[in-house]
Amino acid sequence: MEENTRIFGIRAVLEAIQSGKAIDKIYIQKGLSGPLFQELNHQLNKGDFNISYVPIEKLNKLAKGNHQGVVASISPVSFRTIEEVVAQAFEHTSTPLFLLLDQITDARNFGAIIRTAECTGVNAIIFPEKGSAPVNADTVKTSAGAVFNVPLCKVNHIKDAVYFLQASDVQVVAATEKTNDTIYKVDFKKASALVMGNEAKGVSNSILNAVDVKAKLPVFGSIESLNVSVACGAILYEAVRQRI
């Protein structure tokens, strides 16, 4: 699947953009120039794409053919807008459950989180266009196919998603160690959105300042934190416990 979701060459990437393909990430060789690249760059400036400028050695590993300095990953799934996923969720229930991922960068963590989200009835997963793990073969495999069952929504900024959800009467809960309150004090019976943070940094401070509730999982061992996918599962199942 990995090779099937990866295209290379400037013209091929240009055509993918112009045809509206769901492009997950674009890798561009540092210092690339030329008329065709300028045409590509013009198209990229018109949208909001997840771009990494990398040395040619990286591109040589990503593509076996003549990549011309450009490789793109095509997502195997389509993405929804936040307006769509919120409206659809409220059509099915008055107390939807959303999951926001603040720059989860590991594809396997991402896939494991999607799998748990599907099992716990999460209505949609929302994550930023830039700084997130790609939806690639590893993500699909680790999710056990759940990636095709849970609506996925890309946004420009997670903070904007927080504000939109709050305006839609959804309480936003951040999982963070920067609080004394445990997750077991949170009322998940109401419409809720859980924010999980980056593997190393956690939820960013700007998001923490915007959420309605901050809560943590109690940890009693000498290791101070859980893997993000494990922590996410524990919290989502607390929401399930309260709702059944």
Side-chain angles (χ1 to χ4, degrees), residues 1-85 100-111 114 124-140 147-148 150-164 197-201 204 206-207:
M1 179 178 294
E2 185 69 30
E3 292 183 358
N4 292 338
T5 59
R6 188 174 288 158
I7 58 174
F8 55 89
I10 298 176
R11 177 60 64 188
V13 174
L14 257 174
E15 291 177 354
I17 292 171
Q18 292 167 346
S19 65
K21 293 286 187 183
I23 297 178
D24 199 59
K25 191 167 186 175
I26 301 174
Y27 301 88
I28 299 176
Q29 181 181 332
K30 293 177 179 178
L32 200 63
S33 61
L36 193 56
F37 172 70
Q38 293 303 320
E39 184 180 349
L40 172 63
N41 199 44
H42 176 70
Q43 292 294 325
L44 295 176
N45 288 334
K46 290 164 62 175
D48 190 12
F49 297 94
N50 188 5
I51 302 171
S52 286
Y53 294 92
V54 298
I56 192 170
E57 291 80 8
K58 172 70 172 179
L59 295 169
N60 291 339
K61 291 180 181 179
L62 292 173
K64 298 178 182 178
N66 180 19
H67 51 67
Q68 300 176 302
V70 179
V71 176
S73 295
I74 303 297
S75 174
V77 298
S78 59
F79 300 104
R80 316 276 185 88
T81 67
I82 189 166
E83 292 83 3
E84 288 174 335
V85 297
L100 281 69
L101 304 180
D102 184 15
Q103 297 192 329
I104 300 297
T105 58
D106 184 273
R108 290 183 176 86
N109 278 337
F110 192 17
I114 294 171
I125 299 174
I126 302 163
F127 53 98
E129 178 80 32
K130 298 180 180 179
S132 294
V135 181
N136 59 18
D138 282 338
T139 312
V140 173
V147 69
F148 301 114
V150 182
L152 302 180
C153 170
K154 279 189 175 183
V155 293
N156 290 333
H157 304 287
I158 284 291
K159 186 184 287 187
D160 292 338
V162 170
Y163 292 148
F164 185 87
N198 174 268
E199 289 92 340
K201 301 176 182 178
S204 59
S206 62
I207 303 302

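Sequence positions, counted from 1, serve as the residue numbers for this chain.
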Enquirer: If only atom types and distance count, is the side chain of R6 paired as donor or acceptor with the main-chain N or O of A63 below 3.5 Å?
Expert: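 Pair absent, no side-chain N/O of R6 close to backbone of A63.
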Enquirer: Using a 3.5 Å distance criterion without hydrogens, assess whether the side chain of Q103 forms a donor-acceptor pair with backbone atoms of N198.
Expert: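 Not confirmed, Q103 side chain does not pair with N198 backbone.
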Enquirer: Just wondering, do V77 and L152 contact through their side chains at under 4.5 Å, heavy atoms?
Expert: yes
Enquirer: What closest approach, in Å, do F49 and E129 show between heavy atoms, and which atom pair accounts for it?
Expert: CA-OE2, 4.2 Å
Enquirer: Using modelled atom types and a 3.5 Å cut-off, is there a donor and acceptor pairing between side-chain atoms of T139 and backbone atoms of P134?
Expert: yes
Enquirer: Using side-chain heavy atoms (C-beta onward) and a distance below 4.5 Å, is I126 in contact with L101?
Expert: no
Enquirer: Is there a side-chain contact between F110 and D138, using heavy atoms and a 4.5 Å cut-off?
Expert: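 Side-chain contact under 4.5 Å: no.
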Enquirer: Any donor and acceptor pair, going by atom type alone, linking the side chain of D102 with main-chain N or O of S204 inside 3.5 Å?
Expert: yes
Enquirer: Quick one: salt bridge (charged side-chain N to carboxylate O under 4.0 Å, His left out) partners of D48, sequence neighbours excluded?
Expert: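 For D48, the residues satisfying salt bridge (charged side-chain N to carboxylate O under 4.0 Å, His left out) (neighbours in sequence not counted) are K130.
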Enquirer: For the backbone of D106 and the side chain of E199, can you confirm whether one donor and one acceptor N or O come within less than 3.5 Å of each other?
Expert: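 Pair found, side chain donor or acceptor close to backbone of D106.
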Enquirer: Any side-chain heavy atom of L100 sitting closer than 4.5 Å to one from V155?
Expert: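 No; the side chains remain at least 4.5 Å from each other.
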Enquirer: Any side-chain to backbone donor/acceptor pair from N45 onto N41? Under 3.5 Å, distance only.
Expert: yes
Enquirer: Please report the closest heavy-atom contact between I7 and A12, naming both atoms and the distance.
Expert: CD1-O, 3.8 Å
Enquirer: Less than 4.5 Å apart, side chain to side chain, heavy atoms only: is that true for F37 and Q68?
Expert: no
Enquirer: Do L44 and I17 have side chains that approach each other closer than 4.5 Å (heavy atoms only, starting at C-beta)?
Expert: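 Side chain of L44 against side chain of I17, heavy atoms only: contact under 4.5 Å found.
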Enquirer: Is any side-chain heavy atom of H67 closer than 4.5 Å to one of I56?
Expert: yes
Enquirer: Which residue pairs pass the side chain to side chain donor-acceptor pair (under 3.5 Å) test when at least one of the two sits in residues 11-24, sequence neighbours left out?
Expert: D24-K154
